[in-house]
Colleague: 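Here's a structure for you.
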There are 2 protein chains.
Amino acid sequence: MAVRLKDVAEMAGVSVKTVSNVINGYPHVSATTRARVEAAVEALGYRPNLQARSLRTGRSGVIALGVPRLDEVYFAEVAAHVIDAAGALGLTVLVEQTDGERERELEVLSGIRPGMVDGVILSPLGLSRTDVDETTRGVPVVLLGERVSGSAVDHLRIDNVEAARQLTRSLLTSGRRRVAVVGVPTGSHASAARLRLDGYQRAHGDLDVAWDDELWMSVAGYRRADGAEAVHRLVGTGKPFDAIFCFNDLLALGALAVLRRHSVRVPEDVAVAGFDDIDECSYSVPTLTSVSPDKGELALRAVHTLQARMDGAGDVPDPEVPFAVVQRESTASSR
Amino acid sequence: MAVRLKDVAEMAGVSVKTVSNVINGYPHVSATTRARVEAAVEALGYRPNLQARSLRTGRSGVIALGVPRLDEVYFAEVAAHVIDAAGALGLTVLVEQTDGERERELEVLSGIRPGMVDGVILSPLGLSRTDVDETTRGVPVVLLGERVSGSAVDHLRIDNVEAARQLTRSLLTSGRRRVAVVGVPTGSHASAARLRLDGYQRAHGDLDVAWDDELWMSVAGYRRADGAEAVHRLVGTGKPFDAIFCFNDLLALGALAVLRRHSVRVPEDVAVAGFDDIDECSYSVPTLTSVSPDKGELALRAVHTLQARMDGAGDVPDPEVPFAVVQRESTASSR
DNA sequence: CCGTATGTTTACATCGTTGGAGAAGCCCAG
DNA sequence: CTGGGCTTCTCCAACGATGTAAACATACGG
């Protein structure tokens, strides 16, 4: 079944190594031999066994990507970009889902399939500072999202504080005064959420507006249902509010659904903003204002940084990925 | 850096093979030796080199999944389920994006990384009947979606004709009479679309209602923007219609956005239905009626079928995956 | 016409693991 | 005490590729 180098060699009447040389583009092979070998390769439909090659060379051309869940749109979009970027460099991507659980993130971090993966890109949720340092077993790692360790591990992120600050400021300058928050950090998770909350507070400070932390809603997860539940709770408190800043888009979309059910008009009565700028933001009703990280750039840089590390490069690139605040209908001025 | 079997063997004072035996749970190893070996494994932090193992055993524990694009939500959802199901069986999943291009689908089909992948699950768009038969190079393959070849290759699908028929019938029985279609097959693509159109026609036949094929809109792709564009065109024709059956959910969501912009009320003026039942259907405004294939079941069966083939099993399982028509607000009766 | 430089091809060891054959140690029946 | 059957363990070869070094061929200048 399997065609081996040896078979090609026999057919072409040369040694195994010569065939290997032809395939790997080794320069000193005579034109005639090369032609003969290539003919044999063609005739037999030879394809190298990457298993063996990588055993020999020590590199597999496969990288692992760990995300919480693929059906969380943001991560699917990032994954799509990562796969594209990796493909352009001749790398293949192995995708793992961690559900944000520390255990599984650690597993991905340590290279899942040792020897089978040249590097790891991980979007961590549950990891602690020390976890990362301890676990990295020599597999190059690039983290996406907030810096987990203060250590040597590469990470890429957007400036969450600044992004949240800009978005909040735009809400305040358009006249909103009671800005609720959905998705405040609970427990040890969500370092990104903490930074976003920080940006929210700074914006209030910048403009000398007081905030009301009774309008800060925690969530059990970061999906539509969680946003819906949180806003339901928010409305239940009876406290007035004229804007909601949701710490991701799915929460915001869940929020929109609940507001609609309560006949609250968006943006006339309440402005809503999200974070991540998933495709759906441009099509929801109303369309959703959101912080838009440059995902293509993020993925590209992640893959390139990883490859640089795999090649043993030592220079750390800029960890900051650009973002933009995209204003859409959901936060149009209320006047 | 790398700890090899040999190192463990030296530390434990036994042969390499004995260590291998311990690790693979070979029964005839004395308790004392086993303990000594395990201690050494622990002490050195040994992890087997899967590259080498799979070179030797001929199995890698990795399967490939090929989908058009991950950021198309339906495929992300399917991928998430496939990764879960594979993980439960100790398999890891390598994800490729084909963009629906024949070339790239063929590449995935022939095992992308020969020897590195034990099997392939592919959701094809551009492949022809013959392509599949010719390309399968001994790697077990399971296709998702419409049967492409009439051949020996396993495939899983839902009954598209019946699903479209049931959905269309429900539109007709609720009083709709001019049901537009968005996503009719163009060119050689879209065998699934052809079947759905077939179901649409049969439902009309069943109830003795005439259809108007000037209400059938073709699309360039199957994303929101394409649905939006198609409905824009549909409205432009000036032809009356009281329902739109979109051949996937994204098209339908794009359609909703355009209808809203034209102040067409859904479902009062026009009913809208989609296909695939992505998560968003439950949260859009209005919520979207859709055909819901059992994705968990689909993924589970795909993985199990693949494994059965990898194990050399010969019995073909039932290729039909259950579905349900989920009625939501977008098709509520107009009276 | 030889020695050397240059270019091309080959033989062999090697990567880390597992399968198979058989060696070594042990226990027990004869 | 010997021999047969177990159990437990070791040695060697092999999976399919590539790197090294050496062998072989050819061409050229002296």
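Computed over heavy atoms, backbone and side chain alike; hydrogens, waters and symmetry mates excluded.
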Colleague: Go nucleotide by nucleotide along DNA chain D from the 5' end; which of Val19(A) and Thr18(B) gets its closest nucleotide reached first?
Modeller: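 It is Thr18(B) whose nearest nucleotide is closer to the 5' end.
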Colleague: Examine distances only and state if a side-chain atom of Asn49(B) and a backbone atom of Gln51(B) form a donor-acceptor pair shorter than 3.5 Å.
Modeller: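 Confirmed, Asn49(B) side chain pairs with Gln51(B) backbone.
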Colleague: Keeping the roles fixed (side chain from Glu77(A), backbone from Asp279(A)), state whether a donor-acceptor pair exists under 3.5 Å.
Modeller: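 Yes, because the side chain of Glu77(A) sits within donor-acceptor range (under 3.5 Å) of the backbone of Asp279(A).
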Colleague: With a 3.5 Å distance limit and no angle check, can you tell me whether Glu297(B) reaches the backbone of Val321(B) through a side-chain donor-acceptor pair?
Modeller: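 Answer holds: no.
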Colleague: Between the side chain of Asp118(A) and the main-chain N/O of Ser60(A), is any donor-acceptor distance below 3.5 Å?
Modeller: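 It does hold such a pair.
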Colleague: Indicate, with a heavy-atom threshold strictly under 4.0 Å, whether Ser30(A) touches base, sugar-phosphate, or nothing.
Modeller: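 It contacts sugar-phosphate atoms only.
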Colleague: Please check if the side chain of Gln97(B) supplies one atom and the backbone of Leu70(B) the other of a donor-acceptor pair under 3.5 Å.
Modeller: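 Between the backbone of Leu70(B) and the side chain of Gln97(B) there is a qualifying donor-acceptor contact (under 3.5 Å).
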Colleague: Heavy-atom nearest nucleotide on DNA chain D for Pro27(B) versus Ser20(A): which residue maps closer to 5'?
Modeller: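 Here Pro27(B) is the residue nearer the 5' end.
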Colleague: Which heavy atom of Val142(A) sits nearest a heavy atom of Ala302(A), and at what distance?
Modeller: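 Closest approach of Val142(A) to Ala302(A): CG2-O, 4.0 Å.
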Colleague: Chain A on DNA chain D: first and last contacting nucleotide, 5' to 3', under 4.0 Å to a heavy atom?
Modeller: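 Going 5' to 3' along DNA chain D, contacts run dG16(D) to dT20(D).
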Colleague: Provide the start and end nucleotides, 5' to 3', of the part of DNA chain C that has atoms under 4.0 Å from heavy atoms of chain A.
Modeller: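 Counting from the 5' end, contacts occupy dT8(C) to dG16(C).
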Colleague: On a heavy-atom basis, which atom in Leu125(B) and which in Pro68(B) lie closest, and how many Å separate them?
Modeller: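 Reported closest heavy-atom pair: CD1-CG, 3.7 Å.
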Colleague: Can you tell me which residue among Val141(B), Ile121(B), Asp311(B) is in a side chain to side chain contact (heavy atoms under 4.5 Å, CB included) with Leu306(B)?
Modeller: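 So the option named by the test is Ile121(B).
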